[in-house]
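Notes follow the structure.
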Amino acid sequence: MDSLAEELIQIKREGAAAVLATVTGADENGGVEPGQKCLVRDGKIRAGSIRDWALLQAILKEAEARLKEERSKLVPFDIPGTQGKAEVFFEVLPSPPKLIVVGAGHIAVPLVKMAKILDYHVTVLDDRLQFANRERFPDADEILVGDMAETLKGISITPWTYIVLITRGHKYDEPCLREIIHGPAKYIGMIGSRRRIKACFQRFRDEEKIAEEVIQRVHAPIGLDIRTETPEEIALSILAETIKVRRGGAAQSLSGKQ
Amino acid sequence: MDTIYDQVKEFLDKGETVAVATIVSTKGSTPREVGAKMVVTAWGEILGTIGGGCGEADVRREAIEVIRTRKPRTVRVDLLDDISSDSPAVCGGIMNVFIDPWWKEKEG
């Protein structure tokens with residue numbers, strides 16, 4: 001069991017995602033016992049005491065779904081090839097969500113502070129050193145200075161990445177959006193007035209032939225509809241929207257998305 | 001940040017058996033979510049929380065038994081009992097808590 005605990009600690013240290021499946025209930029026909037386990041990481045079984053091959057395959061498949069949903073759950077199984085039934089608890093050990101804040105202006109400052117409270121791993125990116133620096137962002141995990149769209153190319157983006165485009169103008173937001181719109185990010189939000197966003201999306205359709213369903217992934221105007229007035233309130237509405245997307249909530253987005 | 005498994009490992013390294021209690025399913029309103037955990041030691045010491053109050057005391061008692069027998073069990077915690085109580089731990093829901101013994105030599 002020590003090796004399993006070690007493996008779990010290591011996963012946390014690396015910031016990796018994994019699922020620990022534990023049999024919590026079983027009848028006598030299935031050949032498994034409560035307490036038996038199986039640790040799944042990167043689609044493979046890494047450790048554990050469950051030996052039934054068919055059950056392991058079923059667990060692998062379910063683990064993938066659990067990880068995608070980021071929700072731990074108790075799941076009943078018919079054990080393949082037997083009359084037996086088992087209940088398996090899937091504990092999701094999620095990779096910590098990563099927030100990339102593009103544009104280090106007046107909204108970014110409260111946004112990064114609040115994001116750290118929410119346990120995001122936060123990267124701030126701007127092309128101006130006088131904005132993207134430690135004095136303004138003491139809590140940020142990473143501060144990058146350089147051409148924003150160019151720098152985004154070099155950043156690893158996963159299904160646990162949330163990207164907030166709040167640069168000083170559409171001239172900068174658009175090339176950044178073009179860089180990430182086809183990627184696997186869980187959330188992409190872009191600031192701007194309805195009119196400018198509409199124009200931007202029209203250019204994407206006409207000139208770049210970007211498919212409608214790809215464009216529809218973008219949360220723009222960014223944030224939840226809470227009638228924000230100050231930069232701090234806007235930051236809050238943006239972060240609330242990322243949580244809505246992560247957890248599957250029903251609050252009203254300014255973009256009209258469900 | 002330390003996880004509950006860092007704490008589990010410390011006890012295992014000392015040769016102790018501990019019980020890991022996990023909320024595996026809930027119905028109605030409960031103080032904590034599915035997946036919340038606490039560790040109970042052989043002396044009844046608690047690390048982490050599954051919501052506090054009477055429910056936690058029941059789980060602690062069962063956990064000591066689980067450590068003694070080294071057999072896991074699921075405990076149903078009913079928070080419906082005393083809805084008029086002022087205790088913040090009374091939420092009105094039901095939760096199933098799986099209590100699992102961990103010790104060093106146990107396989108995976």
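Throughout, protein chains are lettered first and strands after them, A, B, ... in sequence-line order, and every chain is numbered starting at 1.
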In Å and rounded to the nearest 0.5 Å, what is the [atom1] to [atom2] distance from [X] to [Y]?
{"X": "A:F89", "Y": "B:N96", "atom1": "CZ", "atom2": "CG", "result": "11.0 Å"}
{"X": "A:E7", "Y": "B:K9", "atom1": "CD", "atom2": "NZ", "result": "12.5 Å"}
{"X": "A:K37", "Y": "B:W102", "atom1": "NZ", "atom2": "CH2", "result": "5.5 Å"}
{"X": "B:D13", "Y": "A:E6", "atom1": "CG", "atom2": "CD", "result": "7.0 Å"}

Counting only heavy atoms not in [X], do more than 12 fall under 6.0 Å of its [atom1]?
{"X": "B:R76", "atom1": "CZ", "value": "no"}
{"X": "A:K68", "atom1": "NZ", "value": "no"}
{"X": "A:K257", "atom1": "NZ", "value": "yes"}
{"X": "A:K113", "atom1": "NZ", "value": "no"}
{"X": "A:R227", "atom1": "CZ", "value": "no"}
{"X": "A:E14", "atom1": "CD", "value": "yes"}

Can you tell me which portion of [X] sits under 4.5 Å from chain B's heavy atoms? Options are side chain, backbone, both or neither.
{"X": "A:I11", "value": "neither"}
{"X": "A:R71", "value": "neither"}
{"X": "A:V23", "value": "backbone"}

Legend entry - Contact winner vs chain B - A:I9, A:L74, A:L93, heavy-atom pairs under 4.5 Å: A:I9
Show the nearest heavy-atom pair for residues [X] and [Y], with the distance to one decimal.
{"X": "A:P34", "Y": "B:P72", "value": "O-CG, 3.3 Å"}
{"X": "A:G35", "Y": "B:F98", "value": "N-CZ, 3.9 Å"}
{"X": "A:R13", "Y": "B:D6", "value": "NH2-OD1, 4.3 Å"}

Inset, instruction - Scan B:T22, B:V24, B:D100 and name whichever one has a side-chain contact (heavy atoms from CB on, under 4.5 Å) with A:T22. - result: B:D100
Legend entry - Region of B:K37 in contact with chain A, defined by heavy-atom distances below 4.5 Å: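 Just the side chain, heavy atoms under 4.5 Å.
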